[in-house]
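Throughout, protein chains are lettered first and strands after them, A, B, ... in sequence-line order, and every chain is numbered starting at 1.
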Amino acid sequence: MNGGDLLALGPLIALGLTAVVVMLAAAFCRNHRLAVALTLAGLTAAGVALVCAWPLTPRQVTPLLLIDRPALFYTGLMLAAALVVTLLSHGYLEQQPIGRREEYYVLVLTTTLGAGVLAASAHFASFFLGLELLSVSLFALVAYPRTNPLCIEAGIKYLVLAGTSSAFLLFGVGLVYAALGTLDFARLAAAAAGGAAPGLLILAGVSLTLVGIGFKLSLVPFHLWAPDVYQGAPAPVAALVATVSKGAVFALLLRYVGQLPVSQHAALFTMFTVLAIASMFIGNWLALLQQNVKRLLAYSSIAHMGYLLVALLAGGRWAPAAVAVYLTAYFVTTLGAFGVVAVLSPRGRDADAPEDILGLAWRRPWLAGVFTLMLLSLAGIPLTAGFVGKFFVLAAGVNSNLWLLAAALAVNSAIGLFYYLRLIVLLFRQPAPAPAATPPLPRLAAAALGALTLALLWLGVYPAPFLQLIRMLMPD
Amino acid sequence: MGIQAHFAVDGLSLLLVLLTGFLGLMAVAASWTVIRARVGFYYFNLLLVLAGITGVFLALDLFLFYFLWELMLIPMYFLIDLWGHERRHAAAIKFFIFTQLSGLLMLLSILGLYFAHGRSTGVYTFDYPQLLGTTLSPAAARWLLLGFAAAFLVKLPAVPFHTWLPDAHTEAPTAGSIILAGLLLKTGAYGLLRFAVPLFPGAAAQFAPAAMLLGVLGILYGAVLACAQTDFKRLVAYTSVSHLGFVLLGIFAGNLLAQQGAVLQMICHGLSTGALFLLVGALDERIHTRDLRRMGGLWAVVPRMGAVALFFALASLGLPGLGNFVAEFLVLLGAFQVSAVAGVVAATGLIAATVYALWMIQQSFHGTAREAWKLADLNAREMAALLAMAAALLWLGLYPQPALDAAAPALERLERPGDFEQKLTKVTKQPQAPGCCLIPSSFTSLPSCKILPLIAALPVPAAALSLAEKISSRCEGLTIWKSGKRERRGRFSFHDFVSSKLTLLCFDCGYAALNSFAAIPPGGAR
């Protein structure tokens, strides 16, 4: 390993170091503000390191990690998401009856580190390491408000199911290794491309790894944990689960599946198609039945992962661009929606009941405006980032003649619209007779929400500069 | 990506933009005293929806068109949901989902066309003039047309897809109903005329009988249901279904007469239905009910309102002298030439129109008073708005020629390929001496852009060439393509494409791929 390798790993090293620094700082001097400031500084430093690493791409650092442009792009996206979550968490944790707040940020940092490792991994070992780093940090974060039984329940549910899915994943990796004698993605691809058809062992192995990935992405039928965990977890943590965790796994999936000839392989292609269509329809259908805002967002995120699979299946030159655009839009929107829930939350619980947002437009017009924009973006309405994302996914699907999937996406967008609009209707209802007192808006969270709203409108109205960046991710 | 902000206006667009501006003013007049809550946000939405509609009528880039198509939905949704009547939430959501789903199907078609064009020419673009004349397999063209037709038929609305309309129109505030009926429905008809038919002429010709059937069904079904309504506003809403059936019938009858009638019907329906909604709104503001069973004998109380309502009811039933009559007559005349059955059955819709229009007036303003209503008559603002609409309808009824002329060039381009080939054989069958150039007399009646295919069909190269030299100075809107790259646009010298292997595309009419000149030896030009 030389200087260049270290520079390429800069973002990950900065994240790891910051986690240690925040932990030590908490050991010597407990101060919530200090922890937040250190975390923000560390995330910014990681961002700077990322810019420094950009010219070095692509670079294979050890057999485990491949630092290329997509890896850096997704790491940057997750750094930004972690930054927003930190900003949102400060005010949220101040509001909640939680004794020790500093370790929370250590866990946020290790989550992001795990996500970064996943985005850069080119080997089953780093894949598993990254995934476990991510999962273990998230168990602790979900159950962080220890006195709240709902959070503990969500944490345990996540722990048990994530453990099970890891077992499937490891079994799958074992089968692939037994068949090929390698854990390298590139060698797996070479083996799969070389033969006429991959053997039963490889197919079974790959399918089992997809169980693990499907669990993390909460694709139907591996989605059962999602609504309970989203509902139980504190709102900023739910945002983290919905964005960083899923984004990292999707970045990995893009690389993993990009190596396999999915479109030529009927069995894999059918499997992904079934997963995508089931996720879209069941996610949206169950979202229709929800009253709780966080559960609704959980089911809607299941459907969104189904939409993303359409882009992935499309393959070709458009797929990486479509996934990148859609994920960015999804990050901005989901963080914003959970952010609004977080800042509205009174002491002791999250503001996820329909009564909490009833008539919000007349009590807190700016916050309601932000929430409306986020919901419209989730529904993919023009002038918002979600529209650009949906457009790219549809374009990728149509370009590859995936008409069935594209039509399913169109139909599901209309179904989705129904429950997003229902929430917007709630926001604009006449105020309830006695409006519940909402906590004042924390300054950091307000800054985060403002930035997200601007990003959403900027991506929706003038996406050209962003698309320029995305173009650099496309294979030439 | 090939997306650009390409706006353009021709006679058809201009008429509809004028209508948008005019009905926008009427909508403001209708909201003057009714809207008391959240006034700023209300006018924000009103202006945004008008901006979206204007953009739809002007956009010539398909992505831009879709963008604006969707953009006009959100403010309309808020207008219905926040300022509407009792059952507004359900109506607003229904409206939004119907239009959004059909819009997404159109987006799929737009993308399909984008990639089909890109694959065949190497140029990936959403630009409408370039996409005209894309070579598609018949099956592909049929599917793509269906996507566009889904969006436009839902918006129009054609009969099986109309169920959002009565709810949305009834529950919207008065200005919302005026914009919905007067303008939003017209975007569907405009989309058919501008995009669906010219982009896929062959598939549209195949689809025409089914579309005409839907049009006739709409005329009858809308009229019959209108007769059964007791809610004044719902009644007017169902008359829209009937009137827009004429538009659909006219567009797909495929001849100039019927299509001119369809355009005129779009404008006249906007005016007459807009005025009726304004009247219902004024009445509702005063007596707080729209139930026809509780009205009656209002003429004695509010004579001015009664007289104006009678005028617009007569316009709605198609009284000669008013614009709607001219429009419906032209549509029926044109449709009769294509299918006598369709014309005859559609004409019976006029009888039903008479029934519902007269019944509406009889229930509300004539007869004996069922309740002792005390209300103010129309004030100066309302009278001014209604009289302006009445004047416009009278003008269109007595002297519709300027409107017909304005729309004609855009419509002439829509003629089916079959019609054009007929004209072509007529021209070329005329006697010609070899080496001598004959410009047929019917030539001048063809739009200039149709000339080029005609040259290709002339048997004698020399004649063809000199003919082409004569007309090349007349023919604008031509683009010369040299090995897939655009070389020059506008006026050109005929030798430009005789001397080398070039493809000519005429963007004015969408007639494409005219490279038979390559067969002509270069020396033949002199």
Please determine whether ring-ring contact (aromatic ring centres under 6.0 Å, His included) holds for the pair B:Trp69 and B:Phe65, giving the CA-CA distance in whole Å, both sets of side-chain angles, and the decisive distance to 0.1 Å. CA-CA 6 Å; B:Trp69 180 267; B:Phe65 172 74; 5.6 Å; yes
For side-chain contact (heavy atoms from CB on, under 4.5 Å), just list the numbers for A:Thr273 and A:Ile277, CA-CA rounded to whole Å, side-chain angles, deciding distance to a tenth of an Å, and then say yes or no. CA-CA 6 Å; A:Thr273 308; A:Ile277 291 182; 4.0 Å; yes
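Between B:Phe148 and B:Phe195, the angle of the ring planes stays under 30°, which puts this pair in the parallel group of the 30/60° scheme. Between A:Tyr326 and A:Tyr307, the ring-plane angle classifies as perpendicular under the 30° and 60° cut-offs. In this pair, B:Tyr77 and B:Phe96 present their aromatic rings perpendicular. The plane angle is above 60°, beyond the 30 to 60° band. Taking the six-membered ring where the residue is Trp, A:Phe392 and A:Trp318 present tilted rings, their angle falling between 30° and 60°.
Contact tally against chain B (heavy-atom pairs below 4.5 Å) for A:Asn401, A:Val425, A:Val411: the top residue is A:Val425. When the candidates A:Ala464, A:Ala406, A:Ala379 are compared by the number of heavy-atom contacts under 4.5 Å with chain B, A:Ala406 comes out ahead. Of the listed residues (A:Phe428, A:Phe418, A:Phe391), the one with the most heavy-atom contacts under 4.5 Å to chain B is A:Phe391.
Looking only at side-chain heavy atoms (C-beta outward), A:Leu459 and A:Val388 stay at 4.5 Å or farther from each other. Side chains of A:Leu297 and A:Leu378 form a contact here, defined as non-hydrogen atoms less than 4.5 Å apart.
In this structure a side-chain-to-backbone donor-acceptor pair under 3.5 Å is missing from B:Trp83 to B:Ala172.
Heavy atoms of A:Leu376 lying under 4.5 Å from chain B belong exclusively to its side chain. For A:Ile424, the part lying near chain B is the side chain, with the backbone staying farther off; criterion is any non-hydrogen pair under 4.5 Å. Residue contact with chain B, scored on non-hydrogen atoms closer than 4.5 Å, involves the side chain of A:Thr372 exclusively. If you measure heavy-atom distances from A:Leu394 to chain B, the contacts under 4.5 Å come from both the backbone and the side chain. Heavy atoms closer than 4.5 Å to chain A are found in both the backbone and the side chain of B:Leu108.
Residues from residues 37-56 of chain B that place a non-hydrogen atom less than 4.5 Å from a non-hydrogen atom of chain A comprise B:Arg38, B:Phe41, given in numerical order.
Rounding to the nearest 0.5 angstrom, the gap separating the CZ atom in B:Phe98 from the NE2 atom in B:His162 is 9.0 Å.
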